[in-house]
Structures are given as structure tokens and as C-alpha cells.
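The next block holds one structure in the form of C-alpha cells; read it before the comments.
The structure presented is a predicted model; accordingly, all values stated were derived computationally and were not measured.
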Amino acid sequence: MHADLLFVNGHVFTADPAAPRARAVAVRDGRVVAVGDDHDVRDLRGPGTEVVDLAGRLLAPGFQDAHAHPVMGGLERLRCDLSGITDRRGYLDAVAAYAAARPDDEWITGGGWSMDAFPGGTPVKEDLDAIVPDRPVFLPNRDHHSAWVNSAALRVAGITRDTPDPASGRIERDAAGEPTGTLHEGAMALVEPHLPETGHDDYVEALLVAQAHLHSLGITAWQDAILGDYAGHRDVTPVYLDVAASGRLSARVRGALWWDRERGAEQIPDLIARRTAEGGFAAASVKIMLDGVAENFTAAMHEPYLDGCGCVTGNRGIGFVDYAELPRYVTMLDAEGFQVHFHAIGDRAVTAALDAVAAARAANGPSGNRHHVAHIQVVRPQDVPRFAEEGVTANMQPFWACHEPQMDELTIPYLGEERAAWQYPFGALHQAGAPLAMGSDWPVSSPDPIWGIHVAVNRARESGTRPFLPGQALDLATALTAYTAGSARVNHLDDTGTIAPGMLADLVVLDRDPFAAPVEEIAAARAAFTYVAGRQVYAA
């Protein structure tokens with residue numbers, strides 16, 4: 001029986017600890033049938049076999065993003081996309097050009113701006129008023145935990161100096177108490193109900209745009225970290241089901257159903273009813289967002305933030321759910337077979353997630369649900385070994401673990417020296433035996449796995465720049481394994497993530513072998529071909 005597809009004359013990283021490297025791979029009927037040297041697959045070549053000459057390039061398992069928001073990313077690419085810009089003037093020019101090109105749009109929406117482009121991380125409404133005075137503007141920043149609005153948007157939402165801060169957010173104000181044009185966390189929800197409704201067809205287009213972009217980066221599967229009504233967006237579960245049923249979903253997707261922060265355990269029957277699967281899509285996880293982000297001081301911390309002068313404040317961030325009740329919620333979800341996908345940035349949120357999983361294990365015993373904590377920015381040293389002890393996967397977003405203005409100007413000074421050194425402890429987690437997975441949180445940051453792996457290994461984005469806590473770096477093989485086999489485990493895609501006989505042929509060919517070059521050059525690699533079940537879904 002001949003192979004449908006042969007990869008020869010190259011380097012193969014299998015992510016299989018039993019046989020981590022090889023030279024050739026054979027695929028038949030969408031699955032790997034042989035892994036070895038060129039002579040091991042020679043007899044599988046037939047008249048209909050497609051042969052891919054790797055020519056020294058690297059074949060690896062397809063990347064899997066363990067935490068992403070692809071539909072949001074697709075919508076941003078279709079709207080006023082600010083993600084590729086880095087300065088205030090560039091943002092204003094882009095918004096002005098977008099608004100001028102769409103004079104009939106009721107609102108200007110999109111997003112992707114970076115907080116470090118503005119003093120204190122907070123842009124002001126007057127800048128937007130000067131270029132779009134006649135229509136409301138709503139632009140979430142790149143991490144979607146804050147939004148930039150103009151005066152028209154504030155008027156539509158009825159936000160004035162007398163509007164109280166919601167419990168889960170904050171309205172940025174001037175010395176007189178007037179809203180300045182930046183809304184944090186739950187304060188965005190004051191505007192979101194007034195946004196134009198995004199139609200089903202718009203969401204479908206966004207998903208297809210996102211899927212094509214992710215395939216171009218070598219990504220074959222992902223976990224969508226929010227399925228539910230959130231941040232002005234509708235639940236996109238029907239969108240995935242539609243695209244899957246019509247055969248247009250070429251990726252494999254696991255979805256995390258949104259835990260409503262305004263409700264408690266009474267929502268669990270609703271989550272059970274929403275659990276579903278269609279084709280390559282399965283909604284079988286639950287996403288619980290435990291806190292905000294450090295740069296706007298909403299990440300939940302054990303000890304208070306500092307102020308600009310280094311003095312202790314009274315602010316420990318925001319816990320978005322009742323941490324005292326969280327162990328009960330997670331125990332119930334675990335008993336129902338749900339995987340729990342936690343968002344935890346601050347050290348208090350990380351502790352709460354670990355405590356909740358420990359309670360579930362004590363009540364239910366070990367399960368195969370594979371709970372995981374995403375982001376893990378600040379982790380107390382005493383909590384690092386608990387990931388392995390409780391079987392909790394550390395879901396890393398490695399692209400963030402570097403020196404950049406948002407880190408150096410908006411985070412480190414307000415955490416203080418000791419806590420700043422607890423950030424993104426990838427090396428310590430690996431040494432402690434924690435299961436590792438990787439993701440991007442796109443559109444918060446680039447979805448390119450190669451860039452994320454580069455930062456995980458170098459703890460810097462650019463060669464020659466100062467590494468961030470270099471003792472927490474991972475080696476290339478460990479980082480690559482986390483972005484393939486580790487994320488496949490989190491996504492419950494057990495016949496993907498490694499290259500071994502019997503596994504699905506979800507594969508990526510890189511345009512070079514990053515193992516053959518200095519680690520400072522990892523980011524130069526690009527996806528040349530991407531395959532799902534042996535079918536090519538991208539070619540450079």
C-alpha cells in the first residue's frame with residue numbers, strides 16, 4: 001500500500017519523546033504511517049504519491065493555539081485594525097483614513113492600540129473628537145481590557161462625571177471627575193450595548209478570514225477562549241457550527257463556554273445544554289475570567305499595587321468572581337466533565353485557580369478534564385510547584401515575556417522589584433514538572449507561533465535587546481513541544497500534536513530548520529506549507 005504523501009530529505013521534529021527527530025514521514029488516508037529515514041519510506045512511494053522534498057527544511061506537528069479569539073481577530077482585520085501601528089500619530093491617521101473611507105458607517109469600530117503609546121496608558125477623547133466629531137468611536141486596545149472612545153460615544157452611552165464606576169471596571173477621569181475617553185474592563189459594557197449589531201454573515205466572514213490567517217502561520221487547531229456574549233460580541237458557537245456543518249472549517253477547534261461573571265452555579269445547567277460538537281468543532285470547556293490585567297491595575301494581587309512614587313496603594317485589583325465560591329463552581333464543573341479554562345494574570349487569581357482545582361480533585365478524584373490556567377503573568381514562588389501537583393497545565397502566552405514599554409513603564413514600577421521578578425516563570429514551571437501549553441491570545445498579540453517561541457527561548461523580541469528574566473527561558477525543543485503536543489493535550493486532540501505512526505497528519509513545513517541556526521534567529525522562520533489530515537490548507 002503506497003503513501004499518499006511523502007516528506008523526504010529534511011529534518012523532522014516529532015514532539016514524540018520516544019523518537020524526537022527523524023528525516024522522513026509517510027502519510028496515507030490523512031494519517032502518519034511511517035517515520036524514519038529516507039530509506040524507511042522508499043518502498044511506500046507509488047505512482048500517485050506526492051513527494052515533498054524538504055531540502056533541509058523542518059517538518060513539525062501543526063501548531064495549536066491553546067488560547068485565542070480568532071473571530072474577534074478576524075473582525076479586527078475587517079474593521080479599523082490598529083494592531084500593526086505603534087504610536088499615537090499613526091493611530092490617529094489610521095482612524096481618520098478609515099472614517100473617511102466609510103462616511104455612512106454609524107459607528108467607527110475596530111481596535112488593537114497599545115497602551116504604551118499614550119501617557120499613563122490612557123488615550124483621550126479629544127484626539128478622536130478632532131478627527132471623528134460626528135460619529136461615536138469605540139476602539140478596544142490590544143488586550144481588550146480597555147477601550148478608547150470619543151465624546152459622541154460617551155454621550156450615546158450616557159456616561160458623565162456622575163456615572164459611577166461599575167463594580168468590575170473603571171472610567172478614567174480627569175482631576176474634575178470628567179471622563180477622559182478611556183474605559184477599563186466592565187466600564188466598556190456601558191457602551192457595548194449601543195454598538196451596531198454584528199450579523200451572522202459578518203461573523204462567518206471573520207472566522208474564515210481568521211482561519212486562513214492562522215493556517216498561513218502553520219496553525220492547524222486552536223482553543224477559542226470565549227464562546228458567549230462578551231465585549232459587545234454575540235456568542236459565536238452558531239458561527240462555528242455553521243462553518244463546520246458546511247465543510248468550511250478546516251481547522252480543529254475546541255471552544256470554551258463563557259462563565260457569566262454576574263451569575264453563579266445556577267448557570268451550570270445552561271452550560272451543559274450548550275455543550276455541543278459538529279465536525280472539527282467541540283464546545284466542551286468553560287472559560288472563567290478571574291481578574292483583569294496588570295497594566296491597568298485590575299489583575300488580582302495578594303498585595304496592593306504601588307503608585308508612581310513607589311508607595312503602597314489600597315488597590316489589589318479586581319476579582320471578577322467570588323473566590324470563596326470558586327472551588328464549589330469548579331468542583332461542580334469538573335464533576336460534569338468540563339475542562340475549566342482560567343484567565344489568571346495576578347498572583348491572587350493564580351492562587352484562586354489552583355485552590356479551586358485542588359478542591360475539585362479532593363472531591364471528585366483526579367479527572368481527565370485537563371484544567372489549565374492561561375496567562376500566568378505573576379505567580380508566587382510557592383504556587384509554581386502546585387501546577388504539577390494538581391495536574392494543572394500552565395497555558396503560556398510567551399510573546400508577552402519580554403521588555404517592552406508596556407512592561408517597563410506600566411507594569412514593573414507598579415508591581416515592585418520582588419513581584420516583577422515573579423513574572424512569566426516558564427523555566428521554573430517546566431523544571432517543576434508542570435504540563436506546558438502555549439497560545440497567543442490573538443488579537444491581543446500576534447498569533448504567530450514562531451514569534452512566541454522566539455520570545456520563550458530568548459526572553460526578548462529582537463536580537464541584541466536586554467532579555468527579560470533570562471533564567472526563565474525555555475529551550476527550543478521544549479517551547480516547540482508546548483506549542484504542539486502540549487496544546488494538543490489541552491485541546492483534547494489526542495491523535496494530533498506529535499508525528500508518529502497512527503497520528504493525524506496535521507503538519508507544518510517551516511522554510512528552514514531553526515535548530516540549525518542560533519536561537520536569536522528563530523523568529524526568521526516562516527511556515528511554507530500547512531496540512532490538516534494530510535490535506536494542504538496553506539502554501540506560501
Side-chain angles (χ1 to χ4, degrees), residues 67-83 94-95 97-99 101-113 128 132 134-150 152-154 156-157 169 183 185-214 222-246 248-249 251 253 255-262 274 276 278 281 283 287 289 441-444 447:
H67 182 108
H69 309 281
V71 179
M72 290 185 188
L75 285 173
E76 281 195 4
R77 291 175 72 86
L78 294 169
R79 294 175 176 174
C80 186
D81 184 7
L82 305 179
S83 60
V95 174
Y98 183 89
R102 294 162 178 78
D104 298 327
D105 285 5
E106 181 183 356
W107 281 71
I108 302 301
T109 59
W113 53 274
L128 291 176
V132 190
D134 57 329
R135 289 173 284 170
V137 179
F138 181 82
L139 299 169
N141 70 345
R142 72 181 190 183
D143 64 21
H144 286 245
H145 289 268
S146 301
W148 185 13
V149 297
N150 65 350
L154 293 172
V156 169
L183 307 174
E185 302 294 350
M188 294 188 291
L190 301 174
V191 176
E192 287 160 356
H194 303 279
L195 297 173
E197 183 175 357
T198 302
H200 180 79
D201 290 345
D202 297 321
Y203 282 121
V204 167
E205 182 184 8
L207 174 55
L208 296 175
V209 165
Q211 177 174 255
H213 182 51
L214 295 174
W222 63 79
Q223 184 158 155
D224 192 310
I226 296 179
L227 296 181
D229 296 337
Y230 175 76
H233 296 290
R234 293 186 309 181
D235 179 11
V236 295
T237 302
V239 178
Y240 277 110
L241 292 172
D242 182 354
V243 174
S246 66
R248 291 174 290 173
L249 186 67
V253 181
L257 302 168
W258 176 245
W259 179 270
D260 186 342
R261 302 184 305 212
E262 304 302 319
R274 292 175 56 206
T276 186
E278 172 70 46
F281 169 73
K287 164 71 173 294
M289 183 177 282
D441 206 7
W442 185 52
V444 172

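- Rounded to the nearest 0.5 Å, atoms CG (Asp260) and OH (Tyr230) are 12.5 Å apart.
- A distance of 11.5 Å separates CH2 of Trp258 from CZ of Arg274, quoted to the nearest 0.5 Å.
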| request: Please test Leu241 against Thr276 for side chain to side chain contact (heavy atoms under 4.5 Å, CB included), starting from the C-alpha separation and ending with a verdict. | output: CA-CA 9 Å; Leu241 292 172; Thr276 186; 4.1 Å; yes
| Residues Thr198, Tyr203; criterion side chain to side chain contact (heavy atoms under 4.5 Å, CB included); working and verdict | CA-CA 7 Å; Thr198 302; Tyr203 282 121; 3.6 Å; yes
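- Here salt bridge (charged side-chain N to carboxylate O under 4.0 Å, His left out) pairs that include residues 135-148, with residues two or more places apart or in two chains, are Arg142-Glu404.
- Taking each heavy atom of Glu106 and Pro136 in turn, the nearest pair found is O-CD, 3.5 Å.
- Val95 has its side chain within reach of Leu139: a pair of non-hydrogen atoms, C-beta onward, lies under 4.5 Å apart.
- Residues that satisfy the side-chain hydrogen bond (donor to acceptor under 3.5 Å, both in side chains) test with Glu76, not counting sequence neighbours, are His144.
- Put simply, the side chain of Asp229 gets close to the backbone of Asp235: a donor and an acceptor are under 3.5 Å apart.
- Take Trp259 and apply the ring pair (Phe, Tyr, Trp, His ring centres under 6.0 Å) test, not counting sequence neighbours, and it matches Tyr329.
- Scanning all heavy atoms of the two residues, the minimum distance from Ala256 to Lys287 falls at CB-CB, 3.8 Å.
- Classified by interplanar angle (parallel below 30°, tilted 30° to 60°, perpendicular above 60°), the ring pair Trp148/Trp113 is perpendicular.
- Nearest heavy-atom pair, Ala244 versus Phe281, reported as atom, atom and distance to 0.1 Å: CB-CB, 4.4 Å.
- Looking at Asp201, its side chain never comes within 3.5 Å of a backbone N or O of Glu205 through a donor-acceptor pair.
- Between Pro443 and His69, the closest side-chain pair of non-hydrogen atoms falls below 4.5 Å.
- Annotation: side chain of Tyr240 is in contact with side chain of Val71 (closest heavy-atom distance under 4.5 Å).
- Between the CE atom in Met188 and the CG atom in Leu195 there is a gap of 11.0 Å [rounded to 0.5 Å].
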| request: Evaluate the criterion side chain to side chain contact (heavy atoms under 4.5 Å, CB included) for residue pair Leu75 and Thr109; output intermediate values, then yes/no. | output: CA-CA 10 Å; Leu75 285 173; Thr109 59; over 6 Å; no
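- Nearest heavy-atom pair across Gly74 and Trp442 is N-CH2, 4.0 Å.
- Side chain of Gln211 to main chain of Arg248: a donor-acceptor pair is present (N/O by atom type, distance under 3.5 Å, no hydrogens or angles).
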| request: Given side chain to side chain contact (heavy atoms under 4.5 Å, CB included), test Ile226 with His233 step by step and report yes or no. | output: CA-CA 10 Å; Ile226 296 179; His233 296 290; over 6 Å; no
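- The minimum heavy-atom distance linking Leu227 with Ala283 is given by the pair CD1-CB, 3.9 Å.
- Residues Ala94 and Cys80 approach most closely at O-SG, 4.2 Å, considering heavy atoms.
- Under a 3.5 Å cut-off, the side chain of Asp242 and the backbone N or O of Val204 do not form any donor-acceptor pair.
- With contacts defined as side-chain heavy-atom distances shorter than 4.5 Å, the pair Pro447/His213 qualifies.
- For the side chain to side chain contact (heavy atoms under 4.5 Å, CB included) with Phe138, the qualifying choice from Val149, Asn150, Val156 is Val149, the only one to do so.
- In this structure, the separation between OG1 on Thr237 and CG on Leu257 is 6.0 Å, given to the nearest 0.5 Å.
- Rounded to the nearest 0.5 Å, atoms CG (Leu207) and CG (Asp202) are 12.5 Å apart.
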